[in-house]
Amino acid sequence: MSAVILVTGGTGLVGKAIEYVIENEPQGSRFAKRPGEKWIFASSRDADLRDPKQTLELFEKYQPTHVIHLAALVGGLFANRERKATFLRDNMLINDNVLHTARIKKVQKVISCLSTCVFPDKIDYPLTEEKVHLGPPHDSNFGYAYAKRMVDVQNHAYKEEFGCNFTSAIPTNVFGPHDNFNLRHAHVIPALIHKCYLAKKNGTPFKVMGDGSPLRQFIYSRDLAKLFIWQLREYDDVEPVIFSVDENDEISIRDVANAIVEVMKYDLGAQFENEPNDNGQDRKPASNAKLMKLIGEFKFTPFKEALRESVAWFLDNYDNARTGHASN
Ligand code: NAP
Ligand code: GDP
């Protein structure tokens, strides 16, 4: 079967991981590149997807048959908290342009990427796919969360009115090579890797925001990449699928910081700022029961091993990584 698969956001954390798996997975693997497939990894330089004309030009250039739609304005707790209107508007524009253009250009299938941030803040745990719209999201990131939640509404509307095969994935917190390591605006793991690196280099304290008590589930970007490839080939339903490790595999931010200290061999240990307003959501444990039932078997990379690979990538690529330095 010939297919042109356009990955929007193809230069980010998740896009680079899909590219890695497609280039490196051995033939015979369920996730390997298949004959006849052409993969395109697009960045914002190829098209600013907030702009309908540039979006159309991108689709006309590559004529995709399938789209994995990852492009988004993305950031950690502090970026989301400071720029709610921008996170709402940019992501709504990007998603609207991509889905509308995919419909016009008769794309056979679109998978869009949501996040467990979209779920209601006050809800019975674990989070499951049918709970997305059952209450308001956490206040810290409602701009991003509502924009992303709307994708599920759009997918249903496009299916009912036009018969489109649009669906979505809901990953938990992601980390890995090619992450955004910005000190203020990144997610917790890349921000703390960078902070620990500077603390070790400069002999300064390694300061961690909040009190370390919140719990998160983390998925390695290269595991997530395989799940997107599975979903592209083997899942044809409008309802989202949560992409997560087991619901019992929550890790506290304290344990994350301590693991980073260990992997980076930083002798002085982490210091917690203890400002409770900086904790964000306490926890958001998600169930992967639907995923595991559908995929049958999947081996997640152990957290420490994935952290070691991510730190190694950061150290090897410090000059070109997204660290917030003037050049990147
Ligand atoms: P990322 O590393 O920040 O990458 C974002 C990607 O989107 C980049 O390729 C970027 O292009 C592109 N992009 C941003 N604005 C764009 C625009 N206006 N037009 C076109 N492209 C644009 O983000 P990520 O972590 O890989 O996130 C990928 C997806 O996963 C997102 O949908 C995100 O919401 C979701 N997600 C992420 C996490 C997480 O913990 N990281 C958790 C759950 C869900 P440039 O390289 O040109 O800037
Ligand atoms: P969230 O899962 O959407 O809240 O996203 P994050 O990846 O930003 O994780 C936020 C959690 O990590 C909160 O409990 C923060 O208090 C904690 N944290 C500790 N230090 C940092 C940091 O330097 N950056 C970020 N983003 N979070 C941090």
Side-chain angles (χ1 to χ4, degrees), residues 7-19 41-51 54-55 58 68-81 87 90-91 93-95 97-98 111-118 137-138 140-141 144-145 147-148 151 168-196 206-219 221 224-225 228 242-244 251-254 256-257 260 270 272-284 286 322 328:
V7 181
T8 73
T11 46
L13 165 67
V14 183
K16 280 286 182 190
I18 296 179
E19 188 176 30
F41 294 90
S43 76
S44 64
R45 289 195 194 140
D46 296 298
D48 182 340
L49 298 171
R50 293 172 300 183
D51 181 80
Q54 291 187 42
T55 309
L58 181 75
I68 298 180
H69 171 39
L70 307 174
L73 178 61
V74 183
L77 167 63
F78 302 105
N80 271 280
R81 209 167 65 178
F87 270 83
D90 280 13
N91 287 316
L93 289 172
I94 289 172
N95 297 335
N97 287 329
V98 167
I111 301 172
S112 296
C113 188
L114 310 187
S115 156
T116 48
C117 299
V118 306
H138 191 260
S140 60
N141 57 18
Y144 173 82
K148 287 271 175 187
V151 172
S168 62
I170 312 184
T172 54
N173 295 49
V174 190
F175 70 105
H178 298 275
D179 213 332
N180 172 9
F181 293 89
N182 187 291
L183 292 171
R184 177 78 192 160
H185 292 129
H187 289 96
V188 57
I189 289 186
L192 292 187
I193 289 174
H194 192 182
K195 284 181 184 176
C196 189
F206 170 38
K207 292 192 177 169
V208 181
M209 315 282 283
D211 63 12
S213 66
L215 299 171
R216 297 288 184 271
Q217 284 159 301
F218 293 96
I219 184 165
S221 58
L224 179 59
F228 273 108
I242 291 171
F243 286 171
S244 175
I251 307 183
S252 71
I253 300 301
R254 179 173 296 278
V256 168
I260 290 172
F272 292 85
E273 304 258 38
N274 282 321
E275 171 51 65
N277 283 338
D278 287 342
N279 272 351
Q281 223 167 339
D282 283 346
R283 60 193 291 245
K284 40 185 168 173
R322 287 180 289 164
N328 46 30

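Whatever order the structure lists them in is the order used to number ligands and atoms, beginning at 1. What you see below is based on every heavy atom in this structure, not just the backbone, and it leaves out hydrogens, waters and symmetry mates.
In this structure, Asn180 has no heavy atom closer than 4.0 Å to ligand 1. Residue contacts with ligand 2: Gly280 is excluded, as none of its non-hydrogen atoms falls under 4.0 Å. The closest approach between Lys284 and ligand 2 falls below 4.0 Å for a heavy atom of the residue. At least one heavy atom of Arg322 lies less than 4.0 angstrom from ligand 1. Within the structure, ligand 1 has Lys148 among the residues with a heavy atom less than 4.0 angstrom away. Asp179 does not count as a contact of ligand 1, since none of its heavy atoms falls under 4.0 Å from the ligand. By the 4.0 Å heavy-atom criterion, Arg216 is counted among the residues contacting ligand 2. Put simply, part of Ala47 is less than 4.0 Å from ligand 1, judged by heavy atoms.
Pro190 is not listed as a side-chain neighbour of Asn180, based on a closest heavy-atom distance of 4.5 Å or more.
Closest heavy-atom approach to atom 15 (N) of ligand 1 within the set Ala71, Ala42, Ala72, Gly15: this belongs to Ala72. Compare Leu58, Thr11, Val14, Asn97 by their heavy atoms: the one nearest to atom 9 (O) of ligand 1 is in Thr11. Closest to atom 25 (O) of ligand 1 by heavy atom, among Val7, Leu13, Asn173, Leu49, is Leu13. Checking Gly76, Ala191, Ala186 against atom 26 (N) of ligand 2, the nearest heavy atom belongs to Ala186. When the heavy atoms of Tyr144, Phe218, Phe243 are ranked by distance to atom 34 (O) of ligand 1, first place goes to Tyr144. For atom 22 (C) of ligand 2, the choice among Arg254, Met209, Lys207 with the nearest heavy atom turns out to be Met209.
From the protein, the heavy atom lying nearest to atom 30 (O) of ligand 1 is Cys113 SG, 3.2 Å. Annotation: atom 47 (O) of ligand 1 to nearest protein heavy atom, Ser44 OG, 2.6 Å. Annotation: atom 27 (O) of ligand 1 to nearest protein heavy atom, Val74 CG2, 3.7 Å. In terms of protein heavy-atom proximity, atom 11 (C) of ligand 2 is closest to Ile253 CD1, 3.9 Å. His187 CE1, 3.4 Å is the protein heavy atom nearest to atom 41 (N) of ligand 1. Nearest to atom 12 (C) of ligand 1 among the protein's heavy atoms is Gly9 CA, 3.7 Å. Nearest non-hydrogen protein atom to atom 15 (C) of ligand 2 is Asp278 O, 3.4 Å. Scanning the protein for heavy atoms near atom 4 (O) of ligand 1, the closest one is Gly12 CA, 3.3 Å. Here the protein heavy atom with the shortest distance to atom 40 (O) of ligand 1 is Val174 N, 2.9 Å. Nearest to atom 29 (C) of ligand 1 among the protein's heavy atoms is Leu70 O, 3.3 Å.
A side-chain contact (heavy atoms from CB on, under 4.5 Å) with Met209 is found for one member of Asp278, Val188, Leu77 and no other, namely Asp278.
Of the polar atoms of Asn279, at least one N or O is found under 3.5 Å from an N or O of ligand 2, judged by distance alone. At a 3.5 angstrom cut-off on N or O pairs, Leu77 counts as close to ligand 2.
Here is the list of ligand 2 atoms found below 4.0 Å of a heavy atom in Pro214: 14 (O). Here is the list of ligand 1 atoms found below 4.0 Å of a heavy atom in Asp48: 17 (C), 18 (N), 19 (N). The distance from ligand 2 to the heavy atoms of Leu192 drops below 4.0 Å at these ligand atoms: 20 (N), 23 (O). Here is the list of ligand 1 atoms found below 4.0 Å of a heavy atom in Thr172: 42 (C), 43 (C). Listed by number with element, the atoms of ligand 2 under 4.0 angstrom from any heavy atom of Val208 are 19 (C), 20 (N).
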> Would Leu13 and Val74 satisfy side-chain contact (heavy atoms from CB on, under 4.5 Å), going step by step from the backbone distance to the final call?
Replying inline: CA-CA 10 Å; Leu13 165 67; Val74 183; over 6 Å; no

> Is there a side-chain contact (heavy atoms from CB on, under 4.5 Å) between His69 and Ser168 once you walk through the steps?
Replying inline: CA-CA 9 Å; His69 171 39; Ser168 62; over 6 Å; no

>> Go through it in stages, so that I can follow the logic: the residues are Asp179 and Ile189, the test is side-chain contact (heavy atoms from CB on, under 4.5 Å), and I'd like the CA-CA distance, side-chain angles, deciding distance and then a yes or no.
In response: CA-CA 9 Å; Asp179 213 332; Ile189 289 186; 5.6 Å; no

> How far apart are the C-alpha atoms of Val14 and Val7, what are their side-chain angles, what is the distance that settles it, and do they pass the side-chain contact (heavy atoms from CB on, under 4.5 Å) test?
Replying inline: CA-CA 10 Å; Val14 183; Val7 181; over 6 Å; no

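Only the side chain of Asn173 comes within contact range of ligand 2, with a heavy atom under 4.0 Å; no backbone atom does. Residue contacts with ligand 1 for Thr8 are absent, since no atom lies close enough (heavy atoms, distance under 4.0 Å). Only the side chain of Lys195 comes within contact range of ligand 2, with a heavy atom under 4.0 Å; no backbone atom does. Counting heavy atoms under 4.0 Å from ligand 1, residue Leu114 touches it through the backbone alone. Contacts between His69 and ligand 1 below 4.0 angstrom, taking non-hydrogen atoms only, are absent altogether. Under 4.0 angstrom from ligand 1, there are no non-hydrogen atoms of Ser112. When heavy-atom distances to ligand 2 are checked against a 4.0 Å cut-off, Val188 comes that close through both its backbone and its side chain. Under 4.0 angstrom from ligand 2, there are no non-hydrogen atoms of Asn80.
Closest approach of Gln217 and Ser244 over heavy atoms only: NE2-OG, 3.2 Å. Nearest heavy-atom pair, Ile68 versus Phe228, reported as atom, atom and distance to 0.1 Å: CG2-CD2, 3.9 Å.
Rounding to the nearest 0.5 Å gives a distance of 9.5 Å between CG of Leu93 and CG of Asp51.
Side chains of Asn279 and Asp211: a donor on one and an acceptor on the other come within 3.5 Å.
Arg184 places no side-chain N or O within donor-acceptor distance of the main-chain N or O of Ala79, the cut-off being under 3.5 Å. Although no hydrogens or angles enter the test, the distance criterion places a donor-acceptor pair under 3.5 Å between the side chain of Asn182 and the main chain of His185. Asn91 places no side-chain N or O within donor-acceptor distance of the main-chain N or O of Tyr144, the cut-off being under 3.5 Å. Of the possible donor and acceptor atoms, none in the side chain of Asn173 sits under 3.5 Å from a partner among the backbone N and O of Phe218.
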